[in-house]
Amino acid sequence: VRLRPRVLRDVAAVSTSTTVLGTPVASPVLAAPVGYLRLAHPQGEAAWAAGAAAAGALRVLSSRSSTRVADVAAVAPGAPWWFQVYIMRDRQLTAELVRRAVATGATALALTGDTPRLGSKRRGGVGLPPGAFMPDLAAGGDEDLREDPRAAQDPATTFADVGWLREISGVPVLVKGVLRGDDARACVDAGAAGVIVSNHGGRQLDGAVATADALAEVADAVAGEAEVYVDGGVRSGVDVLRALGLGARGVLVGRPLVWALAAGGAAGVRDLLTALGAELEEALALAGARSPADVGRDLVAPPG
Ligand SMILES: Cc1cc2nc3c(=O)[nH]c(=O)nc-3n(C[C@H](O)[C@H](O)[C@H](O)COP(=O)(O)O)c2cc1C
């Protein structure tokens, strides 16, 4: 994706700050939901959340969190976060988890739509340690439901569940995993406040289109009616600029934050998000844009 920088635009003052579903953030870079973060660091989701908060970033907590949702929320009171939802076969369990997330501060839900079931990973999975590794899914306290069919994704999930989630939670719902304009439209018609263009980091349907190639189609399909986000391979400030140019309001970053968490804990997460913000600030200036709002499709060269 090539850029078409503009000249002589007075970029003496450049700001990366923006809003996501109305919430002010330091930059359009959000922390993507990644499950089981205690595999990367002993403090797992708590350190990841503290790092994101210190960088002024919004985080999207995975429903496969290896730390209690309430404990993650308590780490950075007041810092904004959304909760990622898998609709589990047990609706009651799903509803309880969602209500707990909203009660502890989640201001929106991201329903992951690309995982009607867990795709097999070619190199096999990483084994999870014994014990209540997903404590919010521990039924009576210690009984870990991770292998229990009740906690598995419900393959019968449909667009109607966007409305169901909205109803039980009272907060806006985004749908994550959208790769087509018609699906984006259907999400918005079903009441979604936003869509996240994602192929789950290439971890669900092998051969799915790259998100950079799907983004413009999705953005055009819901233009002005819903916010559009994207994830998958966003690795630099220039990548963020590309996404904004193709129609995203913001991007989510997954794996790099896991690596930063493993290497440097909360400070690692903070420093990576801060560095991405600084790179975006430079990219905006060099492209002749003063803010994310200043970036339009004209900044991106047409395919080919
Ligand atoms: C180890 C791992 C666990 C993930 N867990 C979740 C999850 O629980 N829920 C979800 O919606 N996406 C999950 N994802 C997908 C990420 O949110 C994101 O879509 C993907 O990693 C692409 O972004 P990236 O290239 O910046 O990593 C996971 C990805 C990875 C690598």
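Each ligand, and each atom within it, is numbered from 1 in the order the structure gives. Counting from 1, the numbers follow the sequence of the chain as shown.
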For [atom], which protein heavy atom lies nearest, and how many Å away is it?
| atom | answer |
| --- | --- |
| atom 13 (C) of ligand 1 | P33 O, 3.0 Å |
| atom 19 (O) of ligand 1 | D231 OD2, 2.6 Å |
| atom 21 (O) of ligand 1 | R255 NE, 3.9 Å |
| atom 12 (N) of ligand 1 | K176 NZ, 3.0 Å |
| atom 26 (O) of ligand 1 | G254 N, 2.8 Å |
| atom 15 (C) of ligand 1 | H200 CD2, 3.5 Å |
| atom 23 (O) of ligand 1 | G232 N, 3.5 Å |

Between W48 and R38, is there a cation-pi geometry (under 6.0 Å to ring centre, at most 45° from the normal)? no
Per-atom contacts of ligand 1 with [X], taking only distances under 4.0 Å to non-hydrogen atoms:
| X | answer |
| --- | --- |
| G201 | 20 (C), 22 (C) |
| S198 | 19 (O) |
| R235 | 24 (P), 25 (O), 26 (O), 27 (O) |
| T112 | 10 (C), 11 (O) |
| S62 | 7 (C), 8 (O) |

So does [Y] get a backbone contact from the side chain of [X], meaning a donor-acceptor N/O pair under 3.5 Å?
| X | Y | value |
| --- | --- | --- |
| S236 | D239 | yes |
| S198 | H200 | yes |
| D294 | R290 | yes |

Ligand 1 contacted by Y86 (non-hydrogen, < 4.0 Å): yes
Please verify whether a non-hydrogen atom of V253 lies at under 4.0 Å from ligand 1. yes
For V234, run the side-chain contact (heavy atoms from CB on, under 4.5 Å) check against L276, T211, V240 and tell me which one passes.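 For V234, the side-chain contact (heavy atoms from CB on, under 4.5 Å) test succeeds with only one of L276, T211, V240, which is V240.
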Could you point out which residue of L252, V29, V34, L272 forms a side-chain contact (heavy atoms from CB on, under 4.5 Å) with L257?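 Per the side-chain contact (heavy atoms from CB on, under 4.5 Å) rule, the option paired with L257 is L272, out of L252, V29, V34, L272.
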Would [X] count as being in polar contact with ligand 1, using the rule that some N or O on each side must be under 3.5 angstrom apart?
| X | value |
| --- | --- |
| R203 | no |
| G35 | yes |
| V34 | no |
| A32 | no |
| G233 | yes |

Are V25 and V295 co-members of a hydrophobic cluster defined by side-chain heavy atoms under 4.5 Å apart?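 Different hydrophobic clusters.
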Consider only side-chain heavy atoms of I, L, V, M, F, W and Y, link residues closer than 4.5 Å, and tell whether V85 and F159 are in one cluster.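 Different clusters.
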In a check of side-chain hydrogen bond (donor to acceptor under 3.5 Å, both in side chains) between T112 and each of Q84, Q204, Q153, which one passes? Q84
Mind listing the closest non-hydrogen atom pair of S15 and L284 along with its distance?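 Scanning both residues completely, I find the closest heavy atoms to be O-CD1, 3.9 Å.
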Would D220 and R297 satisfy salt bridge (charged side-chain N to carboxylate O under 4.0 Å, His left out), going step by step from the backbone distance to the final call? CA-CA 11 Å; D220 289 344; R297 189 73 60 83; 2.9 Å; yes
Rounded to the nearest 0.5 Å, what's the gap from CG on L174 to OH on Y229? Could you check?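 If I round to the nearest 0.5 Å, the distance is 6.5 Å.
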